[in-house]
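Worksheet: the structure to be examined is printed underneath.
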Amino acid sequence: MSYYDIDSILTDAEKIPCTFQLDIPDLGYLDNTPNQPLKAGTKVNLPLWLAEMLVIANTGGPDNKTFVTFDLPRALGNDVVQALKADPRAVPLRDQSAHFYGLATHMMDLSEEQELGSVLRKTFVTRAAEISLHARKVGGGGSKGKGKDEGSNLGIGGAGEDFLRGLDEWERKLFRKAHDGAKSGKEWMESIKKN
Amino acid sequence: MALPLPLGLTHSEVAFLAEMELVTVVPRQRLESIDLLSGKTPPLRPPHRTDLPLWLALLLKKQRRANIVPPPWLHPASLAEIVHRETKVHPSSFSEPMPTSSRARQSQPGYAGRIGGNNNSDNGNGEVILSPPFQSNCTSSAPAGYLPYHWLEVAEALITHAGDDLGGNTSEIRGLLRDLVEVRAAKMRDSAETLGAEGTGGVVSLRGVGAMELAENRGFVLGVVDGVRKIGGAVETARREREEEMDLGGGGYGDGDSDDDMGI
């Protein structure tokens, strides 16, 4: 990921739930109680960049006592994972997080979640095939209303639109790439007939 | 940030390259050999068939100085056979690319010679491996039943500019080409899904895919591979660390290999 990658920056701003295990003086403002120490056991939503640093920082303690632990964010919670296992296409990932995959890969770096990896992989490729299908369809009907939209009963409108609204940023990029490819293919086809 | 140029060739660039393919023409007028940068064109003598680059053939065709002999694979029967093979016989893989000319000996079926071994007289000097623009894939001597690398471009160009040379059934050919495009696009989509299957190593065979299809799907396929690589990255690092802890001299199953596979 590039330093200037806006998606990477926005992914770092996603909040993840953390629990402090120790009393920490002067950090009360994180929990809306300024001028008081942060009590042990408080749950605070911290941005990913901060949580990541804290989690990495406290691994080397001699007594193995960590001062902060984190849970998976709701976007990667059990409900979502179960739904993804059932049917990846039916889950609007954007409602969970606009940077769903970015968040998920970050979280997998931090915690060892074997199952999450394979579920995500399955989800990504299944949805990618669907994205490609929609990208071709939109290219057929959307460009100039050309006659070549056979099978458009699957595409635009209805379920298709819902699905496309639920794409996260990675998938939107993928859609754009697939769409650009299909579109320039159509343009070339038309240009041949002209000259 | 780098310039936002897309990776690889665009459609018009691919179509431009496809014009280097040799096609067979039947000249109607004499034309002396032309000294071009790419070499001399053969002189045209009216009744004799000659192989010319597609762009020159189309130029002569537009001036009504030559007729183009369509390549055998563009015949409706051949196209229908390929559609049948793509849909019924091998519904999950792309049809075989055109064999190299030394392997396609119709006189001796099943005989496989060395590539370039017993070829045309001009390049019979041992191991010459010809890549698509220089292989006579679109001349009248090409085998039927296979799609060459530039199949879509050459077919579209011939249909548009030399429709009357195709035996009057351009609409049938056009329909079959549409079928092929759709079938193969669907396979390209499904290839994305096989990437996610555990255990296959995440590699998709794109053997037999044409240049235009590559140009169209490059962004998408690379995007999918990249996404799978990123998702698998964390798991992969964890696995590698575990393996290193367990056995340092594991050998055989090189980690570097699997990494290369993912980054096609």
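Reminder, nothing fancy here: chain letters follow the sequence lines and each chain counts from 1.
- Only the side chain of B/Met212 has a heavy atom closer than 4.5 Å to any heavy atom of chain A.
- When side chains are defined from C-beta on, A/Tyr101 counts as touching A/Leu93, because their heavy atoms get closer than 4.5 Å.
- In this structure A/Ser97 satisfies the side-chain hydrogen bond (donor to acceptor under 3.5 Å, both in side chains) test together with A/Glu14, sequence neighbours excluded.
- In this structure, chain A has no heavy atom under 4.5 Å from any part of B/Glu213.
- With sequence neighbours excluded, no residue forms a salt bridge (Lys or Arg N to Asp or Glu O under 4.0 Å) with B/Glu13.
- In this structure, the portions of A/Ala129 lying under 4.5 Å from any heavy atom of chain B include both its backbone and its side chain.
- The parts of B/Leu152 that come within reach of chain A are both its backbone and its side chain, each placing non-hydrogen atoms under 4.5 angstrom from that chain.
- A salt bridge does not link A/Arg127 with A/Asp168: none of the charged nitrogens is closer than 4.0 Å to a carboxylate oxygen.
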